[in-house]
Amino acid sequence: MNEHRDYLGAKIGMWLFLFTEILLFGGLFLIYSVYRAVHHEEFHAAAKELSTTLGAINTGVLLTSSLTMALAIAALRQGKRNASIICQSITILFGIAFLVNKYFEWSGHIHQGIYPNSPELLSRGHGEILFFGLYYVMTGLHGLHVIAGVLLIGIMLSFTLEGSISGDKFNRLENTGLYWHLVDVIWIYLFPLFYLIT
Amino acid sequence: MEEQHGHIGGTRTYVIVWAALIALTATTIFVAGMHLGRFSILTALVIASIKASLVLWFFMHLKYEKRLFKVMFLVPIATLTVILGLTFLDIWFR
């Protein structure tokens, strides 16, 4: 039986899905920019409580994970299956490292009493409440995407091990890579907007 | 095979792009510390956009894709630009 594969169609489909993701986060960036324009001073004051170091570490982690993901696809296409398996595994580890770092960051804020609707936060000005609300929603939604990405790469890794993803059938791995890189692109904007406006 | 699936970058290209991304991250942190006032948001967004373009162009293979993909990508970007632009016309001139 002849297996039907539409390489180009699958890739176009993936890009169309990524466009909906761009517009999803784009809506949140729109809310952020309007409130920041209105509550300029308070956004700056609130951003001082975020750790630039933690944000910078996570930026480095995600950028490097994008590199290993790109290398995983390139390796598979050159027929280097083992190199691809190693690169995919490292990408998963980086994704988990990002989430662990995020966990410590969030729990630090929560211990200080800063979380949505907390008495400490409600005692502050509108701008700070909005800043931390957006911080939790936007980094939280991004974090969910990182979790989804890690799970997806895990599934692709098992496909690669089993052999249904290979040098001439790398379509699913490439589309997973596109998703992972988009998650990276979104973080590239989140980082300066939340951590670097002090 | 190669004809159908197109060309992609090599290891060397990817590592150079990664080094550029890390260098740009260091730059944006450094510039943010200089307190440039209202220019700091502008430089931060310009640097972020350069980084995003590098990821899209090389890691996401847009450089090697057919023109269709490049044109398609402009659609959500144009949509967002129009939405942001119209919103800020409202905010600034209200």
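Just so it is clear: chains get the letters A, B, ... in the order the sequence lines come, proteins before strands, and each one is counted from 1. Computed from a predicted structure; not experimentally measured. These values consider heavy atoms only, across backbone and side chains, with no hydrogens, waters or symmetry-generated copies.
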For residues 184-191 of chain A, give me every residue with a non-hydrogen atom less than 4.5 Å from any non-hydrogen atom of chain B. A:Asp184, A:Val185, A:Ile188, A:Tyr189, A:Phe191

Can you give me the closest heavy-atom contact between [X] and [Y], atom names plus distance?
X: A:Leu67; Y: B:Val15; result: CD1-N, 3.9 Å
X: A:Ala56; Y: B:Ile29; result: CB-CD1, 3.6 Å
X: B:Lys51; Y: A:Thr59; result: NZ-CG2, 3.9 Å

Checking side-chain contact (heavy atoms from CB on, under 4.5 Å) for the pair B:Thr28/A:Tyr195: CA distance, chi angles, key distance, verdict? CA-CA 11 Å; B:Thr28 194; A:Tyr195 296 86; over 6 Å; no

Validation row: A:Leu193, B:Leu45 side chains within 4.5 angstrom (heavy atoms): yes

Less than 4.5 Å apart, side chain to side chain, heavy atoms only: is that true for A:Leu178 and B:His61? no

When hydrophobic residues are tied together by side-chain contacts of less than 4.5 Å, even through go-betweens, does [X] share a cluster with [Y]?
X: A:Tyr136; Y: A:Val34; value: no
X: B:Leu84; Y: A:Tyr35; value: no
X: A:Leu16; Y: A:Trp180; value: yes
X: A:Val38; Y: A:Leu130; value: no
X: A:Ile147; Y: A:Phe94; value: yes

When rounded to the nearest 0.5 angstrom, what distance separates [atom1] in [X] from [atom2] in [Y]?
X: B:Leu80; Y: A:Phe25; atom1: CG; atom2: CZ; answer: 12.5 Å
X: A:Leu62; Y: B:Leu21; atom1: CG; atom2: CG; answer: 11.5 Å
X: B:Leu56; Y: A:His181; atom1: CG; atom2: NE2; answer: 10.0 Å
X: B:Ile22; Y: A:Leu63; atom1: CD1; atom2: CG; answer: 5.0 Å
X: A:Leu30; Y: B:Thr87; atom1: CG; atom2: OG1; answer: 4.5 Å
X: B:Glu65; Y: A:Ile12; atom1: CD; atom2: CD1; answer: 9.0 Å

With a cut-off of 6.0 Å (strictly less than), are more than 12 heavy atoms of other residues, nucleotides or ligands near [atom1] of [X]?
X: A:His44; atom1: NE2; result: yes
X: B:Asp90; atom1: CG; result: yes
X: A:Lys102; atom1: NZ; result: yes
X: B:Phe69; atom1: CZ; result: yes

Need one label for [X]: side chain, backbone, both or neither, based on atoms under 4.5 Å from any heavy atom in chain A.
X: B:Phe88; answer: side chain
X: B:Leu68; answer: side chain
X: B:Ile91; answer: side chain
X: B:Ser49; answer: both
X: B:Ser40; answer: neither

Test log, rule side-chain contact (heavy atoms from CB on, under 4.5 Å), inputs B:Val55 and A:Leu182: CA-CA 8 Å; B:Val55 172; A:Leu182 190 88; over 6 Å; no

Walk me through it: do B:Leu62 and A:Trp15 pass the test side-chain contact (heavy atoms from CB on, under 4.5 Å)? CA-CA 11 Å; B:Leu62 264 191; A:Trp15 274 100; 3.9 Å; yes

What part of A:Thr64 lies closer than 4.5 angstrom to a heavy atom of chain B: side chain, backbone, both or neither? both

Pick one of side chain, backbone, both or neither for A:Ala74, based on which atoms fall under 4.5 Å of a heavy atom in chain B. both

Any ring pair (Phe, Tyr, Trp, His ring centres under 6.0 Å) involving residues 8-34 of chain B? Give me the pairs, sequence neighbours left out, ordered by first then second residue. B:Tyr14-B:Phe59

